[in-house]
A.B. asks: 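For reference, the structure I am asking about is given below.
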There are 2 protein chains.
Amino acid sequence: MGQPGLRERKKLRTRLALIDAALDLFLAHGYDRTTVEQIADAVEISPRTFFRYFASKEDLALDYLTEVETYVLAALAERPADEPPFTALVNAFRTATRKLAEKAAEDTERYLKIRKVLESTPALMGRAIGRSAQTERRITEVLARRQGTDPEHDRRAQLAVAFVAAATRIGFECHDVGTGMGDLVERVEETLALAEEAIRPDWHICPPPGALS
Amino acid sequence: MGQPGLRERKKLRTRLALIDAALDLFLAHGYDRTTVEQIADAVEISPRTFFRYFASKEDLALDYLTEVETYVLAALAERPADEPPFTALVNAFRTATRKLAEKAAEDTERYLKIRKVLESTPALMGRAIGRSAQTERRITEVLARRQGTDPEHDRRAQLAVAFVAAATRIGFECHDVGTGMGDLVERVEETLALAEEAIRPDWHICPPPGALS
DNA sequence: TGTGTTTTGTCAGTCTGTGTCACTAAATTA
DNA sequence: TAATTTAGTGACACAGACTGACAAAACACA
């Protein structure tokens, strides 16, 4: 049992082939004007099988993004327990962004293609942002657990996550995809620095007495 | 031309009838299990005509929300020019929320129904958040014009809008729909106050020398 | 009342996504 | 190695969202 098994390997290959074929078709003809049938044909599988790999066409385009977002969860778990929450978040998003930029060329290329598709398909961009709100919830859970608070009611934690996530998103948005992954990390660092500048240094460490929970 | 004309009035009536019928069906059977045909039948129009009133089923469910968001644009335009940007934003979101809470009972009921549908349909909630990101862009444009900066590059403005919008969203989220519109304003006020508490009082008024643009 | 414009319905069609069933090939067991 | 179980696939049928084209109805106005 040293190998993942023949079946598993083939599945992974088909999955990647679908993503790559789809992204190229999206870039060539546009997301909306590319049909599932065309994608399936390019990989020589039946359209029915396409939906056994991805729940929807949208799913194919956005799944990789949520994967990236989970890096933040991993990075946050690594932060020392005594780090103030806002700082820990900023550092976690920083680390996750760096990790993305340092991936294999093949992976980053895939990522850049997705970004390009997103930029030329506003509706899809909206869906991506909607999804990342879901990830924010999970990040908030981890942060709240760290603080020993209830994620559903700790509004400071919710705010902190929303702030840092928004800053990171803005950093990504002002990164020019045309330049490859080169400037991405810098853009995000800059924007996170701006966010840190905006926040009171002592915020969230100890809630002022009598403050709203 | 004192009246909007018979035709216009009938169109408005049909539009509202569609929204109300749809919301009731959504609440009774769920958003996904309600078909456009059922909604059209309830109002006695053909399914084809439905799509002349709304671009999509999703559109029917979310259009009213974007309408609410535009209140912020109106409120921001009313803020005195010498108010610091972050304060102006907070006040604009405050005013917009109050305006929503003070609408006619019929309108607020519609709004509460939409909220309930959203809560029971995560996918739809995601779409709503994705759309509001679009509104954030428009708010940023107004704020940047106020400051005389370029909305595409003024990252402080982008951050400020994202922060205040996120705080407001969190305020809405922690408002219990079951209690009617009663506590909504308070919840949002509380959350915005928390956000103000988090931000340096002098932030964004005058960028520190040598800061990143 | 007649005429021109808007709105609506009908029909046919595309595309996404799902349920079902039979078939093949891998994995497991004897 | 042979028999058996299991997973992945293709083919077919179908529901539901949405669109384009054209004809019929409803309306506004002279």
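Residue numbering restarts at 1 for every chain, and letters A, B, ... go by the order of the sequence lines. Worth saying up front: this structure is predicted, and the values here are computed from it rather than measured.
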A.B. asks: More than 12 foreign heavy atoms under 6.0 Å from NZ of A:K10: is that the case here?
C.D. replies: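 No - once you tally the heavy atoms of other residues, nucleotides and ligands closer than 6.0 Å, there are 12 at most.
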
A.B. asks: Take atom CG of A:L6 and atom C1' of C:dT28, then tell me their distance rounded to the nearest Å.
C.D. replies: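 Those two atoms, CG and C1', are 15 Å apart.
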
A.B. asks: Measuring to OP1 and OP2 of C:dT8, would you say a side-chain N or O of B:T49 lies under 4.0 angstrom away?
C.D. replies: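 For B:T49, the contact criterion (side-chain N or O under 4.0 Å from OP1 or OP2 of C:dT8) is not met.
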
A.B. asks: So what does A:Y53 hit on the nucleic acid, given a heavy-atom distance under 4.0 Å: a base, only sugar-phosphate, or nothing?
C.D. replies: sugar-phosphate

A.B. asks: Which nucleotide, D:dC18, C:dG9, C:dT18, lies nearest any side-chain atom of B:I45?
C.D. replies: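 So the nucleotide nearest the side chain must be C:dG9.
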
A.B. asks: For B:E44 and C:dT7, give me the distance from atom CD to atom P, rounded to whole Å.
C.D. replies: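 In whole Å, C:dT7 P lies 21 Å from B:E44 CD.
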
A.B. asks: Categorize B:T34 for me: base, sugar-phosphate, or nothing, with a 4.0 angstrom heavy-atom threshold over every strand shown.
C.D. replies: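 Counting heavy atoms under 4.0 Å across all strands, the contact made by B:T34 is with sugar-phosphate only.
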
A.B. asks: Heavy-atom nearest nucleotide on DNA chain D for B:P47 versus B:K10: which residue maps closer to 5'?
C.D. replies: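 It is B:P47, whose closest nucleotide lies nearer the 5' terminus.
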
A.B. asks: Select from A:Y31 and A:R48 the residue whose nearest nucleotide in DNA chain C is closer to the 5' end of that strand.
C.D. replies: A:Y31

A.B. asks: Strictly below 4.0 Å: does A:K11 bring a side-chain N or O up to OP1 or OP2 of D:dG8?
C.D. replies: yes

A.B. asks: Nearest whole Å is fine: how far is C:dG17 P from B:D32 CG?
C.D. replies: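 In whole Å, C:dG17 P lies 12 Å from B:D32 CG.
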
A.B. asks: Would you kindly give the CG-to-P distance between A:D59 and C:dT16, to the nearest whole Å?
C.D. replies: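 Interatomic distance, CG of A:D59 to P of C:dT16: 14 Å.
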
A.B. asks: What is the distance from CZ of A:F51 to C1' of D:dG16, rounded to the nearest Å?
C.D. replies: 13 Å

A.B. asks: Measure NZ/B:K57 against P/C:dG17 and give the value in whole Å, please.
C.D. replies: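 Distance check: B:K57 NZ to C:dG17 P gives 13 Å.
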
A.B. asks: Between B:D59 and B:R131, is the closest basic N to carboxylate O distance under 4.0 Å?
C.D. replies: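 Salt bridge present between B:R131 and B:D59.
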
A.B. asks: Considering only NZ, NE, NH1 and NH2 on the basic side and carboxylate oxygens on the acidic side, decide whether A:E173 and B:R155 come within less than 4.0 Å.
C.D. replies: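 Salt bridge absent between A:E173 and B:R155.
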
A.B. asks: State which of D:dA17, D:dG8, D:dG20 makes the closest approach to the side chain of A:R7.
C.D. replies: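 Nearest listed nucleotide: D:dG8.
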
A.B. asks: Taking the six-membered ring for Trp, are B:Y64 and B:Y111 parallel (under 30°), tilted (30 to 60°) or perpendicular (over 60°)?
C.D. replies: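 Aromatic pair B:Y64/B:Y111 classed tilted.
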
A.B. asks: Rounded to whole Å, please give me the gap between CZ in B:R52 and C1' in D:dA21.
C.D. replies: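 These atoms are roughly 10 Å apart.
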
A.B. asks: Please give, in whole Å, the distance from C:dT16 P to A:Q38 CD?
C.D. replies: 8 Å

A.B. asks: Please tell me if the side chains of B:R146 and B:L143 come closer than 4.5 Å, counting only heavy atoms from C-beta onward.
C.D. replies: yes

